[in-house]
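A quick write-up on the structure given underneath.
Values reported hereafter were calculated over all heavy atoms of this structure, with side chains retained and with hydrogens, waters and symmetry mates removed. Throughout, a chain's letter reflects where its sequence line sits, starting with A, and its residues are numbered from 1.
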Amino acid sequence: MVGGLVLSQAQHQVGIAATSPAQAQAAEQAAFRGRDHRAPCASLDEARKAHARHVKLGLDRSPRHARPLLAACALAADWPGSMAYAASIFAALDDPEAFDYNTLMRGYVAGGGGGGRDPAAALRLFVDMVDDGVEPDSYTFPFVFKACAQLGALQEGRQLQGHLVKLGFQRDEHSQNSLISFYGKCGEADLARRAFEQMEDDEQTTASWSALLAAYTRAGRWAECVESFGAMVRAGWRPDESSMVSALSACAHLGAHDVGRSIHCALLRNTARLNTFMSTSLVDMYAKCGCIENAAAVFDAMDDKNAWTYSAMVSGLALHGDGRKALEVFDAMVREGHRPDAAVYVGVLNACSRAGLLEEGLRCFDRMRLEHKLTPNAQHYGCMVDLMARAGRLDDARALIGNMPTGPTDTAWRSLLNACRIHGNLELAERALQELERLGATNAGDYIILSDMHARAHNRDAAAARRTEAVDRGLAQAPGYSAVEVHGATHRFVSQDRSHPRADDIYEMLHQMEWQLRFEGYTPDTSELALDAGEEEKRRVVAAHSQKLAMAFGLLSTPEGAPVRVVTNLRMSKECHAYSALISEIFGREIVVRDRNRFHRFKRGACSCGNYW
DNA sequence: CCTCCTAGAG
């Protein structure tokens, strides 16, 4: 759980460095293309001619003379073959200095010449440098760490850290920052944190924090990312764009809507115009936090959308079950000339399966292969299995699993299993479970689905057997919980939970809710509950379901008319769905529930999913 | 003359 206090403090203090991203980006691009006013040539041909003149005059062996040409060739964005030429200019030098090694290494890690990166070549060059007895300078290590990061060479990087200390660069902020970043890219958040903490307070910069936040985000440690973001703000730093992008990404995964929104507010106060990175992160954050309208508003206001932006919007709409709109956005993406990639097709196919758009989904799958020449991967097949199975075409779905070129995956069988639950096909469900067992990929939830299905079919013994089987196999079930965000703090509930300080009020509220619902003619449906107990007991259990506890607390501690946002790791049950829809009507509240797959938004008695999920 | 950081995926 995310500490509520930490977050709410962060919210009020967020500010940002006043920069002009467009200018900075333009300058960076111009410099990289070698079109800087200092650049001695505008093409590889001109560089060759200039170098030939040097050779004639015997100046090609002098680093001072060769340097501008070396840099131009090593850093050109689109001069095919220029990296090899840069290497030959370098090789002709009599006494290359650290600067010259740095330039060539920089070219290798940046993919100079436009021909792709070559981090291994950069590392080899560093080894040469050490062998030749040339002392690295403070610019050297950042390039070498970057090369290690690109190679995922954790061991080499750690050795390099020792080297860095020996040479006395452990107080150099750029070398340290690139060390943090290197650990982050290797997925080693703890080592990144340690490198960060080894820096003195006055050596740390915004870039150090930003590398740390990126390390947490990359490792999937989102709560720690948001916590560190709060710490950064409390320590008086103004987060720069990349820190905010990392923090927003973490908020998106956590569903930490309030923190995400406070970052957006700070941006609106301090920045004239958001760049593509920032806006895309905001689109993703709002969509994953349940505010699809805000996501759409940010998206619509952008005039510099790229493929990532469309992709975030498409998968956001998929998450909310708005398949039609997702397809429209996808069409706009193609119309605007962006080439769809594998990721956006995951979003598109997902949108179709969640919205039950069978024909459209099948068409997209064809279009992906025929028009956009993409080879579907296991994820795409998983979406198609899900699409067909949910729509009731269980046998077709099963046949598709058999035809997967990548071989059947557990997610594909699990999609089928879930669809069997929806459509009540016990026989095929058993088969899917067998296949999951064969893959050695069963989890507790799979056995529970089977157990529930047997219970509904009144096979009491089989139901009990499936339940014990999960335990016998040592499969732990993640405890089900539901959480609600109130004033930036997250309150978490499990079923029948009485541990909250306001438990009495919450249960009183539940009682009120139940009472009102019954007045409207609602009776709790306990048929999904696989519990060997009397009807009264079953009703008691259903009534204190964690989603309802979270909803009750949300209703009672947020102002009249405000939306209630619940996040749960459970699957939305039919009973809870009907219950939430009625509550939204009776209390005049919008209720947004993020379950383990998607969002349900209840408004005036209806859900955005149109009862298809 | 150069360096740190950043977004999407059943």
Check your understanding: Counting side-chain heavy atoms from CB outward, which of B:dT6, B:dC2, B:dG10 is closest to A:S242?
Key -> B:dT6

Review point. Out of B:dC4, B:dT6, B:dG8, which nucleotide sits closest to the side chain of A:S178?
Key: B:dC4

Practice item. Return the nearest nucleotide to the side chain of A:V245; candidates are B:dG8, B:dT3, B:dA7. Key: B:dA7

Revision key, fill the gap. When rounded to whole Å, the CE to P distance for the pair A:M333 and B:dA7 reads 18 Å

Exercise for review: For side chain to side chain contact (heavy atoms under 4.5 Å, CB included), just list the numbers for A:M232 and A:S243, CA-CA rounded to whole Å, side-chain angles, deciding distance to a tenth of an Å, and then say yes or no.
Suggested key: CA-CA 10 Å; A:M232 175 183 185; A:S243 309; 3.7 Å; yes

Check your understanding: Touch check for A:S249, heavy atoms < 4.0 angstrom, all strands: base, sugar-phosphate only, or nothing?
Key -> sugar-phosphate

Check your understanding: What nucleic acid atoms does A:S138 come within less than 4.0 Å of, heavy atoms only: base, sugar-phosphate, or nothing?
Key -> base

Revision key, fill the gap. When rounded to whole Å, the CG to P distance for the pair A:N306 and B:dA7 reads 12 Å

Review point. Which part of the nucleic acid, if any, lies within contact of A:D284, taking any heavy atom under 4.0 Å across all strands shown: a base, the sugar-phosphate backbone alone, or nothing?
Key: sugar-phosphate

Exercise for review: Ignoring hydrogens and angles, answer whether the base of B:dG8 and the side-chain atoms of A:S311 contain a donor-acceptor pair closer than 3.5 Å.
Suggested key: yes

Practice item. Quickly work out the A:D341 CG to B:dA9 C1' distance and round it to whole Å. Key: 9 Å

Review point. Quick one: which of B:dT6, B:dC4, B:dA9 gets closest to the side chain of A:S315?
Key: B:dA9

Check your understanding: What about A:N350: does its side chain form a donor-acceptor pair under 3.5 Å with the base of B:dA9?
Key -> no

Check your understanding: So what does A:A214 touch, heavy atoms closer than 4.0 Å: a base, only the sugar-phosphate, or nothing?
Key -> sugar-phosphate

Review point. With ring centroids as reference points, do A:H264 and A:Y286 lie under 6.0 angstrom apart?
Key: yes

Practice item. Verify whether the ring centers belonging to A:W308 and A:F277 lie closer than 6.0 Å. Key: no

**Study point:** Close side-chain approach of A:K288 to A:L254, heavy-atom, < 4.5 Å
**Key:** no

Point to revise | Sugar-phosphate, base or nothing in reach of A:D172, heavy atoms under 4.0 Å | key: nothing

**Study point:** Rounded distance in Å - OH (A:Y310) to P (B:dA9)
**Key:** 19 Å

Review point. Rounded to whole angstroms, how far apart are CZ on A:R106 and C1' on B:dC1?
Key: 10 Å

Practice item. With the side chain of A:Y139 defined as its heavy atoms from C-beta on, choose the nearest nucleotide among B:dC2, B:dG8, B:dC4. Key: B:dC2

Check your understanding: Contact class for A:F141 (heavy atom, under 4.0 Å): base, sugar-phosphate, or nothing?
Key -> nothing

Exercise for review: Determine the contact category for A:T280: base if any of its heavy atoms lies under 4.0 Å from a base atom, sugar-phosphate if only primed atoms, P, OP1 or OP2 are that close, otherwise nothing.
Suggested key: base

Review point. Of the candidate nucleotides B:dG8, B:dC4, B:dC2, which contains the atom at the shortest distance from the side chain of A:P142?
Key: B:dC4

Point to revise | A:S281 side chain, from C-beta outward: closest of B:dC2, B:dG8, B:dA7 | key: B:dA7

Practice item. Could you say whether the aromatic ring of A:F277 and the base of B:dT6 stack, counting only centre distances under 5.5 Å and plane angles under 30°? Key: yes

Exercise for review: Ignoring backbone atoms, test whether A:K146 places a side-chain nitrogen or oxygen under 4.0 Å from the OP1 or OP2 oxygen of B:dC4.
Suggested key: yes

Point to revise | Sugar-phosphate, base or nothing in reach of A:R67, heavy atoms under 4.0 Å | key: base

Check your understanding: Can you tell me how far P of B:dA9 sits from CE of A:M368, to the nearest Å?
Key -> 16 Å

**Study point:** Pair A:Y101 + A:F90: ring centers closer than 6.0 Å
**Key:** yes

Review point. Which of the following nucleotides, B:dC2, B:dA9, B:dG8, is nearest to the side chain of A:D137?
Key: B:dC2

Review point. Under 3.5 Å, is there a donor-acceptor pair linking the side chains of A:S246 and A:S249?
Key: no

Check your understanding: Rounded to the nearest Å, what distance is computed from the CD atom of residue A:E173 to the C1' atom of nucleotide B:dT3?
Key -> 10 Å

Review point. When we call it a touch if two heavy atoms are under 4.0 Å apart, what does A:K305 touch: a base, just sugar-phosphate, or nothing?
Key: nothing

Practice item. For a ring pair (Phe, Tyr, Trp, His ring centres under 6.0 Å) with A:Y310, tell me which candidate from A:F299, A:F330, A:Y345 qualifies. Key: A:F299

Point to revise | Distance in angstrom units between A:H174 NE2 and B:dC1 P, rounded | key: 13 Å

